[in-house]
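Within every chain, numbering begins at 1; the chains are lettered A, B, ... in the order of the sequence lines, protein sequences first and strands thereafter.
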Amino acid sequence: MTHAHRAAAFLQNEDRANWHDQSLWHVRSKRDGSIAGIPEWESLRQLGSDIKDNVLSNLDTYLEAFEEKATANGVTVHWATDAEEHNRIVHGILHRHAVDRIVKSKSMLTEECHLNEYLEARGIEVVDTDLGERIIQLRSEPPSHIVMPAIHLKKEEIGQLFHEHLGTEAGASDPQYLTEAARQHLREKFLAARAAITGVNFAVAETGGVVVCTNEGNADMGVHLAPVQIHCMGIEKIIPRAEHLGVFTRLLARSATGQPVTIYTSHHHRPKPGGEMHVVIVDNGRTTQLAREDFRNSLKCIRCGACMNTCPIYRRSGGHSYDHTIPGPIGSILSPGIDLKKHGDLAFASTLCGSCSDVCPVRIDIHDQLYKWRQIVSKEGHLPATKRLPLAGAGTVLQHSGLYNFMGQAARVALRMAPRALVYNRLNAWGASRELPEVPAESFKQWYNRNKNDKA
Amino acid sequence: MSSKASILERIRAAKPADRPLPSLPSDPPAALAEWEEAFRTVLAASKTTFITREEIPGYVAASGAKTIVSTRPECDGNLDPRTVADPLQLAGVDVAVLSARLGVAENGALWVSEEEAVHRVMPFITQHLVLVLEREQLVGTMHQAYRRIDIAATGFGVFIAGPSKTADIEQSLVIGAHGPRSLAVCLC
């Protein structure tokens, strides 16, 4: 199954696909409205990109400084080379405290490491507390978007789900009513949890603290009520100094949802009285990406999701078509680096229109990287025959002008004469949902030769 | 080799040549009146109401609150948070009236550290939140804000920019996700 196959399945329901497309475009429009209020927006993006350049070139020293400061603050810092080690560390902390139920706020890293499955297999109840995350957890689905995990679902489906799991009234689908039911349900979980896990938006090397951004307040409800708090971060989340938060908090929410800032921007530096605070720093392939000169900029990502909201492919294929990874354009340049054979097709889930690069708050050259991944996929021999053979054929034709002229002529005649069923068959993916352009009577070359002396 | 050593070694082998840190924008000239207007506008858009100092007791009474926490002289509470040892005991708080230390004009964010909150969970677990800020503590942008506060001076601190909210169901805005169902701000 490729991205194209999964996208085709998504497009089977045209109404839903159109609705999904418009929902995401609405968020993109809100982002545009929000940045209009910041005249220095473009220089702010440049600042974000420049700070991240500095971070990538000093990642080791910043991480060491962070650990030193955090340790002095009474925080326990752990290092994990891969997902397995990350999960083992988190489980070890929970096991030591005999914790059997935890609450977790949004973290793409724990998603990447499949932490929930790991803990559940060891008898620990994991409750995702972001409303969207809880919805998809109850549906046993992965998130379809990194900021709006349940953007693919209609309120009626969520109403049915809550009816089954939370006992809401049958047929009720009012978002206000459903959110209130989730609030009551999750409050019980917050009050009962003995440990809380969060992701990390930014970790500050200078102060040894971590910053977590939410709108719901779910990360804080978890962290401040449970005696043990655990923050899981990829190595690239580090920033040099507190003052750099000024740049990134201005960029993040405006790019993500069009808000001027998230409702809560929480700064955690020391454990609460009588509590424990842990930070787990995870590599899991990031150093490999750092070594790839053409692709290391993907590590600048601050996970705002703007590239998804703007992408004409993402909007019309849905987050699940990206096969359980970070979806959208940024996911399509991260995933091939993790497993080229499995995710190489994502480099083709793009029109290379460049809109993702235009909206990226840290100026990642996303569409250029997509193009570079395509070349690697081809070189490493992972192109499917449906792409490889026509491209090889086209290469031969384009190298020989006589052959090119002949093929053009032949195609013009053949397309005019051939019965429709011969042209619009299953090999012609282009023709599956659109008409081919009308066949011209002559090539441009023929037309030019006929007209070049006609100096009107 | 420890995981830390191996990660650091891999970074050193992979990292690009040093790139300098850029300098950040300097503070704009003080414009308190404009900042106040911007602050009010952006918070109102984030479903926050503004009340005066005198209105605080009436506002709290009108909410029908049974359990009130107040660290401010404008309003009396009936639960002293300093006598509460376990934050779980704050689950029944209806209204909390707290000080905020700093406000940001461009986005309406108010800085509340654990010093003002007494318990870290207080501004989140309360059903309704009232924050009191001195006008002089307004700044223009987040750059200024981070220069003014020391984020590591307390073990926890948070910028709050409205009542708790979510739009996870069909992008419909719902106020009161997990935290406060309302936020009222008093500029004094």
The interface call for B:Ile175 against chain A, heavy-atom contacts under 4.5 Å, is backbone
Go through the atoms of B:Ser2 and report whether side chain, backbone, both or neither lie under 4.5 Å from a heavy atom of chain A. neither
If you take the centroid of each ring, where Trp contributes its six-membered ring, are B:Tyr146 and A:His267 closer together than 6.0 Å? yes
Of all the heavy-atom pairs spanning B:Ser46 and A:Ile263, show the shortest one and how long it is. OG-CD1, 3.6 Å
What are the two closest non-hydrogen atoms of A:Glu216 and B:Asp168, and how far apart are they? OE2-OD2, 3.2 Å
Where do B:Ile169 and A:Ile135 land on the side-chain contact (heavy atoms from CB on, under 4.5 Å) test, with the steps shown first? CA-CA 9 Å; B:Ile169 300 176; A:Ile135 291 167; 4.0 Å; yes
Rounded distance (nearest 0.5 Å) linking atom OG of B:Ser6 with atom CG of A:Asp283: 7.5 Å
Do B:Glu114 and A:Arg270 meet the salt-bridge criterion of a basic N to acidic O distance under 4.0 Å? no
So, taking the atom named OG1 in A:Thr214 and the one named CZ in B:Phe124, what distance separates them when rounded to the nearest 0.5 Å? 7.5 Å
As a quick check of understanding, evaluate side-chain hydrogen bond (donor to acceptor under 3.5 Å, both in side chains) for B:Arg10 and A:Thr81, giving each step before the final call. CA-CA 10 Å; B:Arg10 288 174 65 92; A:Thr81 52; over 6 Å; no
With a 6.0 Å cut-off (strictly less than), is the heavy-atom count around CD of B:Glu37, excluding the residue itself, greater than 12? no
For the CD atom on B:Glu34, are there more than 12 heavy atoms of other groups (residues, nucleotides or ligands in this structure) within a distance under 6.0 Å? no
Show every salt bridge (Lys or Arg N to Asp or Glu O under 4.0 Å) that has at least one partner inside residues 176-193 of chain A, sequence neighbours left out. A:Glu125-A:Lys189, A:Glu180-B:Arg181
Check: A:Thr129 main-chain N/O paired with B:His178 side-chain donor or acceptor under 3.5 Å: yes
Comparing A:Val147, A:Asp220, A:Leu186 against chain B, the one with the most heavy-atom pairs below 4.5 Å turns out to be A:Asp220
Which atoms of A:Ala80 approach chain B - backbone, side chain, both or neither, heavy atom under 4.5 Å: backbone
For A:Arg254, is it the side chain, the backbone, both or neither that has a heavy atom under 4.5 Å from a heavy atom of chain B? side chain
Is A:Gln259 in contact with chain B via its backbone, its side chain, both, or neither, using a 4.5 Å heavy-atom distance? side chain
Could you tell me which portion of A:Lys30 (side chain, backbone, both or neither) has an atom closer than 4.5 angstrom to a non-hydrogen atom of chain B? side chain
Output the option from B:Val158, B:Leu21, B:Asp18 having the highest count of non-hydrogen pairs under 4.5 Å with chain A. B:Leu21
A:Glu67 versus chain B, heavy atoms under 4.5 Å apart: side chain, backbone, both or neither? side chain
Given side-chain contact (heavy atoms from CB on, under 4.5 Å), test A:Leu178 with B:Val174 step by step and report yes or no. CA-CA 10 Å; A:Leu178 296 176; B:Val174 178; over 6 Å; no
What part of A:Val247 lies closer than 4.5 angstrom to a heavy atom of chain B: side chain, backbone, both or neither? both
Residue A:Ile158 versus chain B: region with a heavy atom under 4.5 Å: side chain
Using the side-chain contact (heavy atoms from CB on, under 4.5 Å) rule, take A:Thr287 and B:Glu9 through it: C-alpha gap first, then chi angles, then the decisive distance, then the call. CA-CA 10 Å; A:Thr287 48; B:Glu9 188 179 88; over 6 Å; no
In terms of heavy-atom proximity below 4.5 Å to chain A, should B:Ala117 be classed as side chain, backbone, both, or neither? neither
Quick check on A:Gln184 against chain B: is it the side chain, the backbone, both or neither that has a heavy atom closer than 4.5 Å? side chain
Side-chain heavy atoms of B:Ile160 within contact of A:Tyr264, under 4.5 Å: yes
Mind running side-chain contact (heavy atoms from CB on, under 4.5 Å) on B:Glu170 and A:Ser23 for me, showing each step along the way? CA-CA 8 Å; B:Glu170 280 198 10; A:Ser23 299; over 6 Å; no
If we define contacts as heavy-atom pairs under 4.5 Å, which of A:Ser266, A:Gly274, A:Pro149 has the most with chain B? A:Ser266
Side chain, backbone, both or neither: which part of A:Val223 has a non-hydrogen atom closer than 4.5 Å to chain B? neither
What pairs with A:Lys155 under salt bridge (Lys or Arg N to Asp or Glu O under 4.0 Å), at least two apart in sequence or on another chain? none
Under 4.5 Å from a heavy atom of chain B, the part of A:Thr249 involved: side chain
Return the option, out of B:Met142, B:Lys165, B:Gln171, with the maximum number of heavy-atom pairs under 4.5 Å with chain A. B:Lys165
Do other residues, nucleotides or ligands put more than 12 heavy atoms under 6.0 Å from the CZ atom of A:Arg194? no
So what's closer than 4.5 Å to chain A heavy atoms on B:Pro163: side chain, backbone, both or neither? backbone
Between the side chain of B:Ser172 and the main-chain N/O of A:Pro175, is any donor-acceptor distance below 3.5 Å? no
Using a 4.5 angstrom heavy-atom cutoff, name the option from A:Ile281, A:Leu153, A:Asp60 with the most pairs to chain B. A:Asp60
Options A:Trp19, A:Phe190, A:Trp79, ranked by heavy-atom pairs under 4.5 Å with chain B, top entry: A:Trp79
Looking at B:Ser23, B:Pro16, B:Ala161, B:Pro22, which makes the most heavy-atom pairs under 4.5 Å with chain A? B:Pro16
Quick one: do B:Lys15 and A:Glu236 make a salt bridge, cutoff under 4.0 Å? no
Could you tell me which of B:Asp86, B:Leu183, B:Ile151, B:Thr166 has the largest number of non-hydrogen atom pairs under 4.5 Å with chain A? B:Ile151
With a 4.5 angstrom heavy-atom cut-off, could you sort out which part of A:Ile151 is near chain B: side chain, backbone, both or neither? side chain
What is the minimum heavy-atom distance between A:Thr207 and B:Ala152, and which atoms define it? CB-CB, 3.9 Å
Side chain to side chain, B:Pro25 and A:Leu47, heavy atoms closer than 4.5 Å: yes
Taking side chain as everything from C-beta outward and backbone as N, CA, C, O, which of these in B:Ala145 sits under 4.5 Å from a heavy atom of chain A? Side chain, backbone, both or neither. neither
With only heavy atoms counted, which part of A:Arg296 is less than 4.5 Å from chain B, the side chain, the backbone, both or neither? side chain
When the 4.5 angstrom heavy-atom criterion is applied to A:Gln289 and chain B, the contacting part is neither
For B:Gly176 and A:Thr179 the tightest heavy-atom approach is O-CG2, 4.4 Å
Per-residue tally against chain B (heavy atom, under 4.5 Å) across A:Glu293, A:His26, A:Glu64 peaks at A:Glu64
Find out whether A:Lys272 and B:His119 are in side-chain contact, i.e. whether some heavy atom of one side chain is under 4.5 Å from a heavy atom of the other. no
At a 4.5 Å cut-off on heavy atoms, which part of A:Pro271 comes close to chain B: side chain, backbone, both, or neither? backbone
Leading residue by heavy atom contact count with chain B [cutoff under 4.5 Å; candidates A:Gly208, A:Ser173, A:Pro273, A:Gly132]: A:Gly132
In terms of ring plane angle, is the pair A:His224 and B:Phe156 parallel, tilted or perpendicular, where the classes change at 30° and 60°? perpendicular
Do side-chain atoms of A:Asn54 reach the backbone of B:Arg19 as a donor and acceptor pair under 3.5 angstrom? yes
